[in-house]
Amino acid sequence: MVAKQVAFGPRVPNSEGHKATAKFLVETFKATGAKVYEQDFVATTYYGKKLQSKNIIAAFNPDNSKRMLLCAHWDTRHIADQDDEANRQENPILGADDGGSGVGILLEIARLLGQDTSLNIGVDIVLFDSEDHGAPAGEGTAEDWCLGSQHWSKSPHIAGYKAQMGILLDMVGSKSPRFTKEATSMRYAPTIMNKVWDLASSMGYGAFFDPTLTSGLTDDHVFVNTIAGIPTIDIINRDLGTESNFGAHWHTHDDNMDIIGKGTLKAVGEVVLNVVYKNDAGQF
């Protein structure tokens with residue numbers, strides 16, 4: 001599912017690749033039997049550009065009041081501002097990991113949930129748009145990022161929407177990742193984060209899920225927590241050996257299929273799906 005997204009090219013709002021990907025995502029969700037919502041909106045970037053944007057939501061068991069949120073952003077960065085080659089920095093990136101990986105995992109989870117008639121809990125998979133149009137380093141504010149999650153958190157697809165918990169997936173597909181306990185997640189949803197990391201360790205994925213506490217990030221979960229009021233954690237790769245504290249491929253043209261590790265996608269997908277079923281059974 002990651003490769004299918006990357007095949008559309010950069011998924012930058014207002015581009016043909018973005019439109020084609022939106023169609024693919026909506027059709028893929030509908031094929032699972034989920035109730036699908038398309039939340040169209042116009043986002044304004046920090047430099048004043050208008051982005052024709054779309055949050056895409058797949059709801060399973062939509063009538064159940066007990067709900068769980070799974071989310072990721074599906075757009076890709078419009079510039080490669082971290083690339084070493086200056087002449088390529090103004091070109092959009094493919095975003096296999098940053099954008100593609102989280103969505104790919106959630107599409108597979110949607111497929112599996114659609115096949116299971118025993119699931120009782122309501123699950124909403126929300127793909128946020130226009131996350132990655134923020135200002136370059138040293139410019140702008142936190143609110144310049146995550147425009148789709150800000151819009152959804154203020155005006156969700158269902159009026160008065162609430163979920164018991166949320167999990168955000170961002171950059172969850174690279175080889176040899178390090179998912180740490182990010183401080184914003186630990187501030188708003190420490191119990192959830194600790195349980196997820198303990199579960200991952202018990203499943204044999206402790207090498208990926210590092211219990212080290214790391215600095216807080218501006219990501220979609222910030223606004224889901226502070227605006228929507230849903231305790232939400234961020235599973236995100238932190239590489240403390242790089243200047244950005246992300247992988248060296250972050251916001252560069254190296255963020256392509258070569259960076260993706262199937263074992264990582266499998267690990268994260270299995271952990272998140274296990275959380276869904278433990279929550280459904282009242283064990284989480």
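What's counted below: heavy atoms across the whole structure, side chains too, no hydrogens, waters or symmetry copies. Since we're looking at a predicted model, the values are computed, not measured.
- The environment of CG in Asp84 is sparse: at most 12 heavy-atom neighbours from other residues, nucleotides or ligands sit within 6.0 Å.
- When every heavy atom of Ala183 is checked against every heavy atom of Leu213, the shortest pair comes out as CA-CD1, 4.1 Å.
- His151 contributes atom NE2, which lies 6.5 Å from atom CG of Asn55 (distance to the nearest 0.5 angstrom).
- Judged by distance alone, the side chains of Gln150 and Ser153 never bring a donor and an acceptor atom under 3.5 Å apart.
- No continuous path of hydrophobic side-chain contacts links Leu69 to Ile235 [ILVMFWY only; heavy atoms under 4.5 Å].
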Give the C-alpha distance, both sets of side-chain angles, the deciding distance and a yes or no for side-chain hydrogen bond (donor to acceptor under 3.5 Å, both in side chains) between Glu85 and His253.
CA-CA 9 Å; Glu85 298 185 35; His253 291 290; over 6 Å; no
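- Among residue pairs with one or both ends in residues 94-143, those qualifying as ring pair (Phe, Tyr, Trp, His ring centres under 6.0 Å) are His78-His133, Phe128-Trp152; sequence neighbours excluded.
- Side chains of Phe29 and Ile56 form a contact here, defined as non-hydrogen atoms less than 4.5 Å apart.
- In this structure a side-chain-to-backbone donor-acceptor pair under 3.5 Å is present from Thr45 to Lys49.
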Evaluate the criterion side-chain contact (heavy atoms from CB on, under 4.5 Å) for residue pair Lys278 and Asn274; output intermediate values, then yes/no.
CA-CA 6 Å; Lys278 283 188 174 296; Asn274 207 329; 3.6 Å; yes
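- Both Leu199 and Phe209 belong to a common hydrophobic cluster when Ile, Leu, Val, Met, Phe, Trp and Tyr are linked at side-chain heavy-atom distances under 4.5 angstrom.
- Side-chain contact between Asp254 and Ile259: absent, with no pair of heavy atoms (C-beta onward) separated by less than 4.5 Å.
- Remark: Arg187 CZ to Asn225 CG distance equals 9.5 Å, nearest 0.5 Å.
- The closest side-chain heavy-atom distance from Asp255 to Trp250 is not below 4.5 Å.
- Side-chain N/O atoms of Lys19 and Asn14 include no donor and acceptor closer than 3.5 Å.
- Side-chain contact between Ile236 and Asp219 is present, with at least one heavy-atom pair separated by less than 4.5 Å.
- Here the CG-CG distance, from Asn256 to Leu94, works out to 6.5 Å after rounding to the nearest 0.5 Å.
- Val123 has its side chain out of reach of Asn61: every pair of non-hydrogen atoms, C-beta onward, lies at least 4.5 Å apart.
- Here Asp81 pairs with Arg77 in a salt bridge; the nearest charged N to carboxylate O distance falls below 4.0 Å.
- Note that CG of Leu25 and OG1 of Thr28 are 6.5 Å apart. Values are rounded to the nearest 0.5 Å.
- Note: Tyr161 and His157 have tilted aromatic rings, judged against thresholds of 30 and 60 degrees for the angle between ring planes.
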Test log, rule side-chain contact (heavy atoms from CB on, under 4.5 Å), inputs Gln52 and His18
CA-CA 10 Å; Gln52 300 299 320; His18 183 267; over 6 Å; no
Begin from the C-alpha positions of Lys66 and Asn120 and carry the test side-chain hydrogen bond (donor to acceptor under 3.5 Å, both in side chains) through to its verdict.
CA-CA 9 Å; Lys66 181 181 178 181; Asn120 292 309; over 6 Å; no
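- Leu147 forms part of no hydrophobic cluster, judged by ILVMFWY side-chain heavy-atom separations under 4.5 Å.
- Cluster membership check: Phe41 does not share its hydrophobic cluster with Ile158, using side-chain heavy-atom separations under 4.5 Å among Ile, Leu, Val, Met, Phe, Trp and Tyr.
- Here the shortest heavy-atom pairing between Leu168 and His221 reads CD2-N, 3.4 Å.
- A continuous path of Ile, Leu, Val, Met, Phe, Trp and Tyr side chains, each step under 4.5 Å between heavy atoms, connects Leu70 with Met193, placing both in one hydrophobic cluster.
- Ion pairing between Asp210 and Arg178 holds under the 4.0 Å rule for side-chain N and carboxylate O.
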side-chain hydrogen bond (donor to acceptor under 3.5 Å, both in side chains) evaluation trace for Glu143 with Tyr46
CA-CA 9 Å; Glu143 286 71 22; Tyr46 75 100; over 6 Å; no
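- For Lys35, the NZ atom sits in a loose shell: 12 or fewer heavy atoms of surrounding residues, nucleotides or ligands are nearer than 6.0 Å.
- Two residues are said to be in side-chain contact when any heavy atoms from C-beta on lie closer than 4.5 Å; Leu169 and Val272 meet this criterion.
- Distance alone, capped at 3.5 Å, is enough to place a donor-acceptor pair between the Gln5 side chain and the Gly100 backbone.
- Residues Ile121 and Ile230 fall into different hydrophobic clusters, defined by Ile, Leu, Val, Met, Phe, Trp and Tyr side chains chained together at heavy-atom separations under 4.5 Å.
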Run the numbers on Val2 and Leu265 for side-chain contact (heavy atoms from CB on, under 4.5 Å), then give the verdict.
CA-CA 10 Å; Val2 177; Leu265 298 175; 4.1 Å; yes
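- Closest approach of Ala110 and Ile125 over heavy atoms only: CB-CD1, 3.7 Å.
- In this structure, Arg88 places its CZ atom where more than 12 heavy-atom neighbours from other residues, nucleotides or ligands lie under 6.0 Å away.
- Atom CG of Asp280 is separated from atom CG of Leu113 by 9.5 Å, given to the nearest 0.5 angstrom.
- The stretch residues 96-114 participates, sequence neighbours left out, in these side-chain hydrogen bond (donor to acceptor under 3.5 Å, both in side chains) pairs: His73-Asp98, Asp97-Ser101, Asp97-His249, Asp98-His251, Glu108-Arg111.
- Residues Trp145 and Ala135 come closest through the heavy atom pair CZ2-O, 3.2 Å.
- With respect to Lys30 and Glu27, no salt bridge is recorded, no charged nitrogen being found less than 4.0 Å from a carboxylate O.
- Side chains of Phe246 and Asp170 form no contact here, defined as non-hydrogen atoms less than 4.5 Å apart.
- Residues in residues 259-284 take part in no ring pair (Phe, Tyr, Trp, His ring centres under 6.0 Å) pair, two or more places apart or across chains.
- Test Thr214, Asn194, Asp234 against Lys181 for side chain to side chain donor-acceptor pair (under 3.5 Å) and you get one pass: Asn194.
- A side-chain donor-acceptor contact under 3.5 Å links Trp74 to the backbone of Lys54.
- Between the side chain of Gln89 and the backbone N or O of Asp83 there is at least one donor-acceptor pair closer than 3.5 Å.
- Ser174 meets the side chain to side chain donor-acceptor pair (under 3.5 Å) test with Asn237; sequence neighbours excluded.
- Between the side chains of Thr21 and Arg11, no donor-acceptor pair of N or O atoms lies under 3.5 Å.
- Residue pairs meeting the salt bridge (charged side-chain N to carboxylate O under 4.0 Å, His left out) criterion with at least one member in residues 116-137, sequence neighbours excluded, are Arg67-Asp124.
- Residues Glu182 and Ile233 fail the side-chain proximity criterion, which asks for heavy atoms closer than 4.5 Å.
- One finds the CE atom of Met68 at 13.5 Å from the CG atom of Asn64 (value rounded to the nearest 0.5 Å).
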Verify side-chain contact (heavy atoms from CB on, under 4.5 Å) between Thr226 and Tyr188, making sure each step is shown before the conclusion.
CA-CA 9 Å; Thr226 61; Tyr188 290 101; 3.3 Å; yes
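- Among all heavy-atom pairs drawn from Met257 and Val6, the shortest one is SD-CG2, 3.9 Å.
- Here the closest heavy-atom approach between residue Tyr37 and residue Ala59 is recorded as CE1-CB, 4.1 Å.
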